[in-house]
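Down below is the structure, laid out as C-alpha coordinates.
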Amino acid sequence: MSNLEKSGIFTLGDRTVLRLGYGAMQLAGKGVFGPPRDGAEAIAVLREAVESGVNHIDTSDFYGPHVTNQIIRDALHPYRDDLVIVTKVGATRGTDASWNPAFSREALAQAIHDNLTNLGLDVIDVVNLRAMFDVHGPAEGSLEEPLTVLADLQRQGLIKHIGLSNVTARQIADGRKITEIVCVQNQYNLAHRQDDALIEQLAAQGTAYVPFFPLGGFSPLQSSALSDVAVSLGATPMQVALAWLLQRAPNILLIPGTSSRAHLRENLAVADITLPADAIEKLDSIASGETI
(Lines give C-alpha, C1' and ligand atoms only; values in the text may rest on other atoms or scores of the structure.)
Protein backbone atom coordinates (compact mmCIF):
# COMPACT_ATOMS: atom_id res chain seq x y z
CA MET A 1 0.00 0.00 0.00
CA SER A 2 1.35 3.43 -0.95
CA ASN A 3 1.29 6.25 1.59
CA LEU A 4 -1.54 7.97 -0.26
CA GLU A 5 -3.67 4.83 -0.28
CA LYS A 6 -3.79 5.04 3.52
CA SER A 7 -6.26 7.91 3.08
CA GLY A 8 -8.82 5.38 1.86
CA ILE A 9 -10.99 5.23 -1.24
CA PHE A 10 -14.52 6.29 -2.15
CA THR A 11 -16.76 5.95 -5.18
CA LEU A 12 -17.31 9.13 -7.19
CA GLY A 13 -19.91 8.44 -9.85
CA ASP A 14 -18.69 5.28 -11.55
CA ARG A 15 -15.06 5.83 -10.57
CA THR A 16 -13.08 4.96 -7.47
CA VAL A 17 -10.79 7.68 -6.17
CA LEU A 18 -8.39 8.08 -3.28
CA ARG A 19 -9.87 10.29 -0.58
CA LEU A 20 -6.88 12.63 -0.69
CA GLY A 21 -6.89 14.55 -3.96
CA TYR A 22 -5.79 17.92 -5.29
CA GLY A 23 -7.60 21.22 -5.90
CA ALA A 24 -6.25 23.34 -8.76
CA MET A 25 -7.67 26.74 -7.80
CA GLN A 26 -4.37 28.11 -6.47
CA LEU A 27 -2.61 27.47 -9.78
CA ALA A 28 -4.10 30.69 -11.16
CA GLY A 29 -2.79 34.13 -10.27
CA LYS A 30 -3.61 36.25 -7.23
CA GLY A 31 -7.32 36.23 -6.46
CA VAL A 32 -7.72 33.15 -8.71
CA PHE A 33 -7.34 35.51 -11.66
CA GLY A 34 -4.81 35.64 -14.47
CA PRO A 35 -1.73 33.47 -15.02
CA PRO A 36 0.39 31.96 -12.24
CA ARG A 37 3.47 33.70 -10.91
CA ASP A 38 5.52 30.62 -11.79
CA GLY A 39 4.07 28.57 -14.64
CA ALA A 40 6.84 25.97 -14.55
CA GLU A 41 6.23 25.30 -10.84
CA ALA A 42 2.49 24.97 -11.46
CA ILE A 43 3.14 22.26 -14.03
CA ALA A 44 5.63 20.57 -11.71
CA VAL A 45 3.10 20.53 -8.85
CA LEU A 46 0.49 18.78 -10.99
CA ARG A 47 2.92 16.22 -12.29
CA GLU A 48 4.24 15.43 -8.84
CA ALA A 49 0.71 15.12 -7.47
CA VAL A 50 -0.22 12.51 -10.07
CA GLU A 51 3.14 10.73 -9.78
CA SER A 52 2.49 10.52 -6.01
CA GLY A 53 -0.78 8.70 -6.67
CA VAL A 54 -3.38 11.49 -6.70
CA ASN A 55 -6.22 10.42 -9.01
CA HIS A 56 -8.82 13.12 -8.25
CA ILE A 57 -8.25 16.68 -9.43
CA ASP A 58 -10.79 19.45 -8.85
CA THR A 59 -10.80 22.47 -11.16
CA SER A 60 -12.98 24.95 -13.03
CA ASP A 61 -12.67 26.90 -16.23
CA PHE A 62 -13.62 30.06 -14.30
CA TYR A 63 -10.34 29.77 -12.38
CA GLY A 64 -8.22 32.28 -14.23
CA PRO A 65 -10.49 32.14 -16.22
CA HIS A 66 -9.30 29.22 -18.38
CA VAL A 67 -5.85 29.29 -16.75
CA THR A 68 -5.96 26.24 -14.49
CA ASN A 69 -7.56 23.97 -17.08
CA GLN A 70 -4.95 24.93 -19.65
CA ILE A 71 -2.17 24.25 -17.14
CA ILE A 72 -3.70 20.86 -16.29
CA ARG A 73 -3.75 19.97 -19.98
CA ASP A 74 -0.20 21.15 -20.53
CA ALA A 75 1.03 19.19 -17.51
CA LEU A 76 -0.93 15.94 -17.71
CA HIS A 77 -2.46 15.35 -21.15
CA PRO A 78 -2.82 12.59 -22.28
CA TYR A 79 -4.33 11.70 -18.93
CA ARG A 80 -3.73 8.56 -16.91
CA ASP A 81 -6.64 6.12 -17.18
CA ASP A 82 -7.40 6.30 -13.46
CA LEU A 83 -7.37 10.12 -13.24
CA VAL A 84 -10.76 11.69 -12.46
CA ILE A 85 -11.11 15.39 -13.30
CA VAL A 86 -14.01 17.26 -11.69
CA THR A 87 -14.97 20.76 -12.80
CA LYS A 88 -17.52 23.43 -11.89
CA VAL A 89 -19.86 25.65 -13.89
CA GLY A 90 -22.39 28.31 -12.96
CA ALA A 91 -20.15 31.38 -12.73
CA THR A 92 -18.06 33.65 -14.92
CA ARG A 93 -15.34 36.17 -14.09
CA GLY A 94 -15.62 39.85 -14.82
CA THR A 95 -12.70 41.88 -16.11
CA ASP A 96 -12.40 43.20 -12.54
CA ALA A 97 -11.99 39.59 -11.27
CA SER A 98 -15.56 39.59 -9.90
CA TRP A 99 -17.53 36.32 -9.61
CA ASN A 100 -20.82 36.51 -11.51
CA PRO A 101 -23.72 34.03 -11.93
CA ALA A 102 -23.93 32.26 -15.30
CA PHE A 103 -27.02 30.05 -15.19
CA SER A 104 -28.52 30.55 -18.65
CA ARG A 105 -28.69 27.64 -21.10
CA GLU A 106 -26.25 29.41 -23.39
CA ALA A 107 -23.76 30.19 -20.62
CA LEU A 108 -23.82 26.66 -19.23
CA ALA A 109 -23.43 25.05 -22.64
CA GLN A 110 -20.52 27.38 -23.42
CA ALA A 111 -18.92 26.57 -20.08
CA ILE A 112 -19.06 22.84 -20.74
CA HIS A 113 -17.54 23.25 -24.19
CA ASP A 114 -14.84 25.56 -22.81
CA ASN A 115 -13.96 22.99 -20.13
CA LEU A 116 -13.78 20.22 -22.74
CA THR A 117 -11.58 22.30 -25.03
CA ASN A 118 -9.21 23.64 -22.38
CA LEU A 119 -8.83 20.27 -20.65
CA GLY A 120 -8.54 18.36 -23.93
CA LEU A 121 -11.40 16.00 -23.11
CA ASP A 122 -14.29 14.50 -25.07
CA VAL A 123 -16.37 13.97 -21.92
CA ILE A 124 -16.07 15.32 -18.37
CA ASP A 125 -16.19 12.83 -15.49
CA VAL A 126 -18.06 15.08 -13.04
CA VAL A 127 -19.48 18.59 -13.40
CA ASN A 128 -20.56 20.47 -10.28
CA LEU A 129 -23.19 23.18 -10.62
CA ARG A 130 -22.08 26.05 -8.39
CA ALA A 131 -25.09 27.86 -6.90
CA MET A 132 -24.64 31.63 -6.95
CA PHE A 133 -27.66 32.93 -5.01
CA ASP A 134 -25.10 34.06 -2.43
CA VAL A 135 -21.44 34.04 -3.42
CA HIS A 136 -20.36 33.62 0.20
CA GLY A 137 -22.45 30.60 1.17
CA PRO A 138 -25.50 28.43 0.46
CA ALA A 139 -28.80 30.27 -0.03
CA GLU A 140 -32.18 28.94 -1.08
CA GLY A 141 -33.25 29.31 -4.70
CA SER A 142 -34.37 27.03 -7.51
CA LEU A 143 -31.70 25.14 -9.45
CA GLU A 144 -34.24 23.39 -11.66
CA GLU A 145 -33.46 25.26 -14.88
CA PRO A 146 -29.64 25.05 -14.79
CA LEU A 147 -29.70 21.43 -13.60
CA THR A 148 -32.09 20.55 -16.44
CA VAL A 149 -29.60 22.07 -18.88
CA LEU A 150 -26.75 19.99 -17.43
CA ALA A 151 -28.92 16.86 -17.53
CA ASP A 152 -29.55 17.53 -21.24
CA LEU A 153 -25.80 17.86 -21.85
CA GLN A 154 -25.31 14.65 -19.89
CA ARG A 155 -27.72 12.86 -22.23
CA GLN A 156 -25.71 14.23 -25.15
CA GLY A 157 -22.66 12.43 -23.78
CA LEU A 158 -20.63 15.50 -22.77
CA ILE A 159 -20.93 14.88 -19.01
CA LYS A 160 -20.80 11.58 -17.14
CA HIS A 161 -21.95 12.70 -13.70
CA ILE A 162 -23.37 15.80 -12.00
CA GLY A 163 -22.74 17.27 -8.57
CA LEU A 164 -23.68 20.43 -6.68
CA SER A 165 -21.64 23.13 -4.97
CA ASN A 166 -22.51 25.84 -2.42
CA VAL A 167 -25.97 24.35 -1.83
CA THR A 168 -28.54 23.59 0.85
CA ALA A 169 -30.04 20.22 1.79
CA ARG A 170 -33.30 21.25 0.09
CA GLN A 171 -31.51 22.04 -3.16
CA ILE A 172 -29.82 18.64 -3.08
CA ALA A 173 -33.16 16.88 -2.54
CA ASP A 174 -34.78 18.88 -5.34
CA GLY A 175 -31.81 18.22 -7.60
CA ARG A 176 -32.16 14.46 -7.15
CA LYS A 177 -35.60 14.71 -8.77
CA ILE A 178 -33.89 15.88 -11.97
CA THR A 179 -30.68 13.82 -12.06
CA GLU A 180 -28.42 11.71 -9.88
CA ILE A 181 -26.22 13.86 -7.62
CA VAL A 182 -22.88 12.11 -7.06
CA CYS A 183 -21.17 14.70 -4.88
CA VAL A 184 -21.70 17.89 -2.90
CA GLN A 185 -19.01 20.54 -2.57
CA ASN A 186 -19.55 23.07 0.23
CA GLN A 187 -17.38 25.06 2.60
CA TYR A 188 -16.48 22.96 5.62
CA ASN A 189 -13.56 22.79 8.02
CA LEU A 190 -12.74 22.55 11.73
CA ALA A 191 -14.26 25.95 12.51
CA HIS A 192 -17.01 26.07 9.84
CA ARG A 193 -19.25 23.10 10.58
CA GLN A 194 -22.73 24.09 9.44
CA ASP A 195 -22.88 20.96 7.27
CA ASP A 196 -22.36 18.41 10.06
CA ALA A 197 -25.84 16.92 9.70
CA LEU A 198 -25.71 17.08 5.90
CA ILE A 199 -22.44 15.12 5.82
CA GLU A 200 -24.03 12.33 7.87
CA GLN A 201 -27.04 12.26 5.58
CA LEU A 202 -24.89 12.10 2.43
CA ALA A 203 -22.69 9.39 3.96
CA ALA A 204 -25.78 7.24 4.54
CA GLN A 205 -26.71 7.76 0.89
CA GLY A 206 -23.24 6.91 -0.40
CA THR A 207 -22.72 10.42 -1.75
CA ALA A 208 -19.31 12.09 -1.68
CA TYR A 209 -18.86 15.33 0.26
CA VAL A 210 -15.98 17.53 -0.90
CA PRO A 211 -15.15 20.40 1.48
CA PHE A 212 -13.76 23.52 -0.09
CA PHE A 213 -11.65 25.88 2.04
CA PRO A 214 -10.65 22.87 4.19
CA LEU A 215 -7.91 25.01 5.74
CA GLY A 216 -10.03 28.13 6.18
CA GLY A 217 -9.65 29.62 2.72
CA PHE A 218 -8.46 33.20 2.48
CA SER A 219 -8.37 33.38 6.31
CA PRO A 220 -6.33 30.32 7.39
CA LEU A 221 -7.49 28.41 10.46
CA GLN A 222 -5.88 29.55 13.68
CA SER A 223 -6.52 28.25 17.20
CA SER A 224 -4.53 27.30 20.25
CA ALA A 225 -6.19 23.86 20.26
CA LEU A 226 -5.10 23.20 16.69
CA SER A 227 -1.54 24.34 17.44
CA ASP A 228 -1.34 22.25 20.61
CA VAL A 229 -2.46 19.07 18.85
CA ALA A 230 -0.04 19.73 16.00
CA VAL A 231 2.90 20.07 18.43
CA SER A 232 1.93 16.88 20.23
CA LEU A 233 1.90 14.94 16.94
CA GLY A 234 4.95 16.54 15.36
CA ALA A 235 2.82 17.85 12.50
CA THR A 236 1.84 21.27 11.20
CA PRO A 237 -1.53 22.79 12.20
CA MET A 238 -2.74 22.57 8.60
CA GLN A 239 -1.83 18.89 8.41
CA VAL A 240 -3.83 18.26 11.56
CA ALA A 241 -6.82 20.17 10.13
CA LEU A 242 -6.75 17.95 7.03
CA ALA A 243 -6.30 14.77 9.08
CA TRP A 244 -9.35 15.73 11.14
CA LEU A 245 -11.41 15.97 7.95
CA LEU A 246 -10.25 12.55 6.75
CA GLN A 247 -11.35 11.04 10.07
CA ARG A 248 -14.57 13.08 10.25
CA ALA A 249 -16.57 10.90 7.82
CA PRO A 250 -15.77 8.18 5.25
CA ASN A 251 -17.47 10.06 2.39
CA ILE A 252 -15.29 13.18 2.71
CA LEU A 253 -12.93 13.67 -0.23
CA LEU A 254 -10.15 16.20 0.34
CA ILE A 255 -8.88 18.54 -2.38
CA PRO A 256 -6.31 20.79 -0.67
CA GLY A 257 -4.68 23.10 -3.17
CA THR A 258 -1.24 24.60 -3.49
CA SER A 259 1.10 26.08 -6.07
CA SER A 260 4.21 24.73 -4.30
CA ARG A 261 5.70 21.24 -4.48
CA ALA A 262 6.95 21.52 -0.89
CA HIS A 263 3.45 22.36 0.33
CA LEU A 264 2.01 19.57 -1.82
CA ARG A 265 4.26 17.06 -0.05
CA GLU A 266 3.09 18.36 3.33
CA ASN A 267 -0.54 17.95 2.27
CA LEU A 268 -0.09 14.42 0.94
CA ALA A 269 1.77 13.36 4.09
CA VAL A 270 -1.55 13.75 5.93
CA ALA A 271 -2.40 10.22 4.82
CA ASP A 272 0.09 8.98 7.43
CA ILE A 273 -1.49 10.89 10.34
CA THR A 274 -3.98 9.24 12.67
CA LEU A 275 -5.52 11.48 15.32
CA PRO A 276 -6.08 9.88 18.73
CA ALA A 277 -9.46 10.26 20.41
CA ASP A 278 -8.30 12.94 22.84
CA ALA A 279 -6.95 15.04 19.98
CA ILE A 280 -10.24 14.77 18.10
CA GLU A 281 -12.16 15.82 21.22
CA LYS A 282 -9.92 18.85 21.59
CA LEU A 283 -10.29 19.79 17.92
CA ASP A 284 -14.06 19.37 18.04
CA SER A 285 -14.14 22.06 20.72
CA ILE A 286 -12.96 24.66 18.19
CA ALA A 287 -16.32 24.89 16.41
CA SER A 288 -18.22 25.11 19.70
CA GLY A 289 -16.15 28.08 20.76
CA GLU A 290 -14.74 26.31 23.80
CA THR A 291 -11.20 27.02 22.57
CA ILE A 292 -9.73 29.56 20.21
Side-chain angles (χ1 to χ4, degrees), residues 4-21 23 55-58 84 86-88 90 125-131 133 137-144 146-148 150-151 154 159-215 240-256 270-271 273-277 279-281 283-288:
L4 204 55
E5 288 174 328
K6 296 176 184 175
S7 67
I9 61 173
F10 197 79
T11 300
L12 184 56
D14 62 342
R15 306 289 295 277
T16 298
V17 298
L18 294 173
R19 292 181 58 217
L20 190 49
N55 63 357
H56 170 209
I57 292 178
D58 180 86
V84 176
V86 179
T87 192
K88 282 178 291 297
D125 287 310
V126 182
V127 172
N128 288 322
L129 176 65
R130 214 282 187 183
F133 300 110
E140 296 294 354
S142 176
L143 295 174
E144 179 178 0
L147 263 183
T148 299
L150 291 186
Q154 185 180 39
I159 302 170
K160 286 186 180 179
H161 302 285
I162 294 172
L164 294 172
S165 177
N166 199 43
V167 290
T168 67
R170 177 181 295 179
Q171 288 166 334
I172 297 167
D174 289 345
R176 292 190 193 277
K177 300 173 185 177
I178 299 169
T179 186
E180 180 186 10
I181 303 299
V182 301
C183 59
V184 172
Q185 188 178 96
N186 279 2
Q187 181 179 359
Y188 185 81
N189 54 51
L190 265 172
H192 190 283
R193 296 185 56 177
Q194 284 85 340
D195 275 358
D196 271 342
L198 177 60
I199 289 171
E200 303 296 342
Q201 177 185 344
L202 293 174
Q205 296 166 341
T207 302
Y209 182 92
V210 187
F212 65 76
F213 292 161
L215 300 176
V240 170
L242 291 175
W244 178 86
L245 284 167
L246 277 179
Q247 290 181 229
R248 169 64 184 83
N251 62 321
I252 287 182
L253 304 181
L254 292 188
I255 50 167
V270 168
I273 298 175
T274 300
L275 300 176
I280 292 175
E281 182 179 359
L283 294 170
D284 282 346
S285 69
I286 294 174
S288 67

Minimum side-chain heavy-atom gap Val240-Ile273 below 4.5 Å: no
Leu12 and Val126: CA distance, side-chain angles, deciding distance, side chain to side chain contact (heavy atoms under 4.5 Å, CB included) verdict: CA-CA 8 Å; Leu12 184 56; Val126 182; 4.2 Å; yes
For the pair Trp244 and Asn189, evaluate side-chain hydrogen bond (donor to acceptor under 3.5 Å, both in side chains) and give the outcome as yes or no after the intermediate values. CA-CA 9 Å; Trp244 178 86; Asn189 54 51; over 6 Å; no
Would you compute the distance between atom CZ of Arg170 and atom CG of Leu143 and round it to the nearest 0.5 angstrom? 12.0 Å
Verdict with reasoning, His56 to Leu18, per side chain to side chain contact (heavy atoms under 4.5 Å, CB included): CA-CA 7 Å; His56 170 209; Leu18 294 173; over 6 Å; no
Value for CG (Leu245) from OG (Ser7), rounded to nearest 0.5 Å, stands at 12.5 Å
One pair to check against side chain to side chain contact (heavy atoms under 4.5 Å, CB included): Ile178 and Thr148. What are the steps and the verdict? CA-CA 7 Å; Ile178 299 169; Thr148 299; 4.1 Å; yes
The salt bridge (charged side-chain N to carboxylate O under 4.0 Å, His left out) partners of Arg248 (sequence neighbours excluded) come to Asp196, Glu200
Is there a side-chain contact between Asp58 and Lys88 in this structure, where contact means two heavy atoms from C-beta onward sitting under 4.5 Å apart? yes
Tell me if a side-chain donor or acceptor on Gln171 pairs with a main-chain N or O of Ala139 at a distance below 3.5 Å. yes
Counting C-beta onward and ignoring hydrogens, is there a side-chain heavy-atom pair between Ile199 and Asn251 closer than 4.5 Å? yes
Rounded at 0.5 Å granularity, tell me how far CD1 in Ile286 sits from CG in Leu190. 4.5 Å
Under the salt bridge (charged side-chain N to carboxylate O under 4.0 Å, His left out) definition, can you give me all pairs with a residue in residues 175-191, not counting sequence neighbours? Asp174-Lys177
Looking at CZ of Arg193 and CG of Asp284, how far apart are the two atoms once the value is rounded to the nearest 0.5 Å? 4.5 Å
Taking everything shown except Glu281 itself, do over 12 heavy atoms lie less than 6.0 Å from its CD? no
Please list, chain by chain and in numerical order, all residues satisfying side-chain contact (heavy atoms from CB on, under 4.5 Å) with Ala173, sequence neighbours excluded. none
Heavy-atom side-chain proximity of Asp195 to Leu202 below 4.5 angstrom: no
Could you give the distance from CD1 (Ile252) to CG (Leu20), rounded to the nearest 0.5 Å? 12.5 Å
Which value, rounded to the nearest 0.5 Å, describes the distance between Leu150 atom CG and Ile162 atom CD1? 5.0 Å
Begin from the C-alpha positions of Thr274 and Gln247 and carry the test side chain to side chain contact (heavy atoms under 4.5 Å, CB included) through to its verdict. CA-CA 8 Å; Thr274 300; Gln247 290 181 229; 4.1 Å; yes
Sub-4.5 Å side-chain heavy-atom contact between Gln185 and Ile255: yes
Salt bridge (charged side-chain N to carboxylate O under 4.0 Å, His left out): pairs with one or both residues in residues 7-19, sequence neighbours excluded: Arg15-Asp125
Using the six-membered ring wherever Trp is involved, compare the ring planes of Tyr209 and Tyr188 and label them parallel, tilted or perpendicular (cut-offs 30° and 60°). perpendicular
side-chain contact (heavy atoms from CB on, under 4.5 Å) partners of Asn166, counting only residues at least two apart: Arg130, Pro138, Phe212
Excluding sequence neighbours, so at least two apart, what forms side-chain hydrogen bond (donor to acceptor under 3.5 Å, both in side chains) with Gln194? His192
